[in-house]
Amino acid sequence: MPIIRAEHLGFDYVKFNDDNETEERVNAVKNVDLSVERGSFIAILGHNGSGKSTLAKQINALLIPTEGTMWVDGINTSEEQELWKVRQKAGMVFQNPDNQIIGTVVDEDVAFGPENLGIETEDIWLRVEDALKSVGMLGFRDRSPNRLSGGQKQRVAIAGVVAMHPDCIVLDEPTAMLDPNGRREVLEAVKELNRREHVTVILITHYMEEVVFADHVIVMDKGSIILQGTPREIFSQVETLKKYRLSVPQATELAYELRQSGCGLPEDILTSEELVEALCRLN
Amino acid sequence: MQIELKDLSYTYGLHTVYEVPALKGINLKIRAGEFIGLAGHTGSGKSTLIQHMNGLIRPTSGQVFYEGKDIWEEGYDLRELRTHVGLVFQYPENQLFETTVLKDVMFGPGNQGLSEEECRKRADYALKLVGIPEDLYETSPFDLSGGQKRRAAIAGVLAMNVEVLILDEPTAGLDPAGREEILTLIRHLRDQQGITIILVSHSMEDVAAYAQRMIVFHEGEIAFDGTPKMVFSHFRELEKIGLAAPEITYIMHELKERGLDVDVSAITVPEAKRSILMALAQKNS
């Protein structure tokens, strides 16, 4: 059974006027069918306003579909009594690290989630320790979060989700506000969780280089899924991606440009290593 | 010299147990019309530095000069300075507040004491510069798209007729096309309007493609100051201080090592393309 499944999923934002009458309906997600395998690493791309975040927020029931159905581990997110179960199974990490930290000490912050689930105190501390270890932040457990760097804060935020033992983590542009080091740290932590703990990862990002390692890429436009496939399949469509306000990793772009000028390079180059290798092989 | 910092130091929480030195003895000269990329990891001192440039922070020691005048001297008009040196903070769209786009952009010049008509003229000029069409003037700024909101916020600063524009991560959170639109706009402001640009960025690719001078901060000091090409040639040292060179730099070095005679100083895709094509042609001739 897929961990996440959506059928004919749609979501409308409704704007009300002063008299509480519907003034405007904006259809942010429309007719999305989606199936995510347990343990996979999925990336979602799409320009600002394409519906990525609206789709993501429906995975942990922050938004309830206005059309169609979303199932998380078989649970229909529209069933109100299942809300907490859904949120335990699918955790979410947002863009701004400062908006997600509530504790005054790192391990208290991470403990907040499991505490809300009603876990035994002993067990909470075990979970906190494991979670911090899994993102490489155990050494900071006694620190004050506001003294951490952006990348460290984001890793604490991820640990807070991990401590709830979720099946799936949804990250909505977790690296947008970070410096190169912070980006690397967070991405490594996420990859490790996926690889070692088999947590399903759904990563929303505007950085194409972060997508190269995903199992599957979904591209959205105007609330619908318009492309999906492996990173190789997606990034070989340079022109199409540009049309949808996206880009490709620099190595792919350079390979594409060289091909345009007659270099006999393969169409599916993704990384620097592959490009160097292919160029050296050109007799 | 448009902006000059002399032996500038700044310490947060001075004379408390939380004392943190943020800038240490900075000497920096910025000429009118420069396009500067400012890089450095979080906590390196970049943000503290830019807040000195329009007098939001008073240095612990040292001096700040604008057009040759010490801005902390008795009688210097700091309000006036802030109309010359505009600062666009991170996520400036969070600072939009008015009921219409036009009113929002008119707010800055209004504070300068200009007439309603002059404010409107300034706002119209600034909105045209950033490419917000007239039919959006009367809409709520909150109904604009992400990229439009950011451009409207930048217009709010431009409407004050700034001579220096400092932008802190203006492309954060935008899609690739949105990033390029903002950067193209910034380049245009410099080329067409002669506005000095100081761009704080975590994207080495953006600095490589747009800036003419790159300044790297590390632990409150200037670690590198030169053309992006020059700075990125120190990519090993950059890595040690939490930064990196553009992907292209690594590709070029690797190719050179593998025996292809390319120009390792290439830092953008077009440069790399040219150099690789040339090296390949040479090899085959």
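Throughout, a chain's letter reflects where its sequence line sits, starting with A, and its residues are numbered from 1.
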Atom [atom1] in [X], atom [atom2] in [Y]: separation rounded to 0.5 Å?
| X | Y | atom1 | atom2 | result |
| --- | --- | --- | --- | --- |
| B:Asn284 | A:Leu282 | CG | CG | 8.5 Å |
| A:His47 | B:Leu174 | NE2 | CG | 13.0 Å |
| A:Ser272 | B:Met252 | OG | CE | 12.0 Å |
| A:Glu253 | B:Ile248 | CD | CD1 | 7.5 Å |
| B:Arg179 | A:His206 | CZ | NE2 | 7.5 Å |
| A:Met177 | B:His202 | CE | NE2 | 9.0 Å |

Measuring heavy-atom distances to chain A, does [X] have an atom under 4.5 Å in its side chain, in its backbone, in both, or in neither?
| X | result |
| --- | --- |
| B:Glu239 | neither |
| B:Glu180 | neither |
| B:Pro246 | both |

Looking at every non-hydrogen atom in both residues, tell me the closest pair between [X] and [Y] and how far apart they are.
| X | Y | answer |
| --- | --- | --- |
| B:Leu255 | A:Leu279 | CD1-CD1, 3.7 Å |
| B:Gly242 | A:Asn181 | CA-ND2, 3.3 Å |
| B:Gly178 | A:Arg245 | N-NH2, 3.3 Å |
| A:Ala176 | B:Ala172 | O-CB, 3.8 Å |

Under a 3.5 Å distance rule, please check whether A:Asn48 uses its side chain to pair with a backbone N or O of B:Asp175 as donor and acceptor.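 Pair found, side chain donor or acceptor close to backbone of B:Asp175.
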With distance as the sole test, does A:Asp179 use its side chain to make a donor-acceptor pair with the main-chain N or O of B:Thr42 at under 3.5 Å?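 Checked: pair present.
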Take atom NZ of B:Lys229 as the centre, draw a 6.0 Å sphere, and report whether it contains more than 12 heavy atoms from other residues, nucleotides or ligands. yes
Where does [X] contact chain B at under 4.5 Å (heavy atoms): side chain, backbone, both or neither?
| X | result |
| --- | --- |
| A:Leu275 | side chain |
| A:Glu257 | both |
| A:Lys242 | neither |
| A:Arg259 | neither |
| A:Leu45 | neither |

Under 4.5 Å between any side-chain heavy atoms of A:Gln95 and B:Tyr91, yes or no?
yes
*Is A:Glu209 close to B:Glu247 at the side-chain level, that is, under 4.5 Å between some pair of heavy atoms?*
no
Counting heavy-atom pairs under 4.5 Å with chain A, the top scorer among B:Leu280, B:Ile276, B:Leu260 is B:Ile276
request  = Kindly determine whether B:Tyr250 and A:Glu273 satisfy side chain to side chain donor-acceptor pair (under 3.5 Å), including the steps that lead there.
outcome  = CA-CA 9 Å; B:Tyr250 295 96; A:Glu273 291 79 20; over 6 Å; no
### Task
Salt-bridge test for B:Asp143 and A:Lys15: reply yes if a basic N is under 4.0 Å from a carboxylate O, no otherwise.
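Judged by the 4.0 Å cut-off on N to carboxylate O distance, B:Asp143 and A:Lys15 do form a salt bridge.
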